[in-house]
Amino acid sequence: MKRNLSGGAGVLKKTCGAILAVCLLLVLLYGSGEAEIRDLRDLSQEPLSYVDPAAADRPLIPAGDQERLHAEFEALHFEPWRREVPRHRLDQVLWGFRKYAGKPGYGRDGRRHPPDWIRKMEANARLDEYPQGGFPAVTVRRTDVRRLPTRESHSLVPRSPGDGHPFDNLQESSVPAGSPIRVLHVSRDRRWHLAETSYILGWIPSEAVASVNPEMIRSWEKVPQVVIVRDKSPVRDGKGKIRFRASLGSLYPKTGEDEKGIRIWTAARGDRGEALLREAWLTEDAAEAMPLPMTPRRVAQVAGEMAGEPYGWGGLGGKRDCSAMIRDLFSPFGLWLPRNSGDQALYGRFESLRGLTPAEKEARIIRDGVPWRTLLWTPGHIMLYIGLHQGRPLIFHNFWSVKTRDARGKQDRVIVGRAAVTTLHPGREFPGADRPGGDILSGLEGMSLLGIPSDSREEGTPR
């Protein structure tokens, strides 16, 4: 009997050990957030590999329409220098202060902000005098655009330093060096400028801004603009020193070419905060005249410049989130897009997918979607439809994670954190990823055909 009990205990011990090992494996795979999704292993991450050779150089937009869209792009790009009154009302400017009033939250070091943190910032903003200090200006470096006048981050829950979490509630966007802006207001301590670009409103550090006069505006606008097509291209001064790295999709006035490469103008900040024109150089392959011919091949080539790029919420760290990537991807083709995903979905010809089953949504995408020109939208996320692979739609997008369930059934996530080619079911091999509403296809609410002239775009909101 003792031998039987001992043997049973041994079997039980081995069984428990096996179960523990399996549970540990599941936690390592699904609970750590480090596992790689199958799409990234099985699908080529080179966008060009999905271009149909028969249609590679066929225009996606008629030449006449593209020229009109390019003219619209340039008008919007320079609009902050031509506007004399703010586009944003005081209630829109106050939104961030009101949203986080009473919610000071936590900083990047995991420490709670002081209870009066928001109140002190609002006092420094002196918005009772808004608008004050309006003038045209230009950014002299890539800079963050903040919802409130602070570099400190904000989270509603404490985060450990170095946890890799890329989100900051106060990060609105980032803008490249050389962006036309209009300063609407200056903080009491003069360290922050509230400014509008053509696509965003927010607070910019004063040292990143320089005022422009009418003569400089005329000089900047009258020469042809080139657009950066190689991401993070070095911009060098006459001695070959790198002044900054230009992001794909940013524009600069071209003044000529020589043995050093393409000559452009950039701006520096003078002692009195005024903009000073500075000549700089790009390599010949770094920029092209706008607009690039919008063909599947060229769109895929530009997308390839960003494939694998790390995810950056609101442009944090000079990186891109989903809508920043889409906006920059289409800038070289002269297509101006808003900054946020919901607005981007509306900017073309919007087609609602609400009320359809996942199968019906997929069929609609295959039927109506134009590869390399159609955006797919789910609240909070925007993607580019690039065509079919084995009869199923593929997308190119920059995304943070895939929601899953851990070994205990608790919601978890697998971190991706980069621009990638995927199916509409990324991570479906993980537990819970294919539950109802758990994948991209189930959550899709609309699709938008880009490049529709402004007088024929849909009205309303994609909600």
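Not measured: the values here are computed from a predicted model.
A search for side chain to side chain contact (heavy atoms under 4.5 Å, CB included) contacts involving T143 returns T139, R141, V175, I204, P205, A208, not counting sequence neighbours. R112 is linked by a side chain to side chain donor-acceptor pair (under 3.5 Å) to Y106, counting only residues two or more places apart in sequence or in another chain. Residues that satisfy the side chain to side chain donor-acceptor pair (under 3.5 Å) test with H113, not counting sequence neighbours, are absent from this structure. The side chain to side chain donor-acceptor pair (under 3.5 Å) search around E129 returns none, not counting sequence neighbours. Residues meeting the salt bridge (Lys or Arg N to Asp or Glu O under 4.0 Å) test with E46, sequence neighbours left out: none. For Q45, the side chain to side chain donor-acceptor pair (under 3.5 Å) criterion is met by no residue, not counting sequence neighbours. Under the salt bridge (Lys or Arg N to Asp or Glu O under 4.0 Å) criterion, R272 pairs with no residue, sequence neighbours left out. With sequence neighbours left out, the salt bridge (Lys or Arg N to Asp or Glu O under 4.0 Å) criterion links R38 to no other residue.
Pairs engaging residues 175-189 under the salt bridge (charged side-chain N to carboxylate O under 4.0 Å, His left out) rule: none recorded [sequence neighbours left out]. Pairs engaging residues 373-382 under the salt bridge (charged side-chain N to carboxylate O under 4.0 Å, His left out) rule: none recorded [sequence neighbours left out]. Sorted by first then second residue, the salt bridge (charged side-chain N to carboxylate O under 4.0 Å, His left out) pairs that include residues 190-202, not counting sequence neighbours, number zero. Within the structure, salt bridge (charged side-chain N to carboxylate O under 4.0 Å, His left out) pairs that include any residue of residues 298-322 comprise R230-E305, D231-R320, K232-E309, E288-R298, E309-R320, R320-D328, D321-R339 (at least two apart or interchain).
Tested against L376, the residues H397, E445, M383 include a single side chain to side chain contact (heavy atoms under 4.5 Å, CB included) partner, M383.
When only modelled atom types and interatomic distance are considered, Q171 and R147 share no side-chain donor-acceptor pair under 3.5 Å.
Taking the six-membered ring wherever Trp is involved, the centroid distance between the rings of W336 and Y347 falls below 6.0 Å.
A donor-acceptor pair is defined here as one N or O able to donate and one able to accept, closer than 3.5 Å; no such pair exists between the side chain of S233 and the backbone of A246.
In this structure, CH2 on W203 lies 5.0 Å from NE2 on H185, to the nearest 0.5 angstrom.
W81 and F78 have tilted rings, their planes meeting at an angle from 30° to 60° on a 0 to 90° scale.
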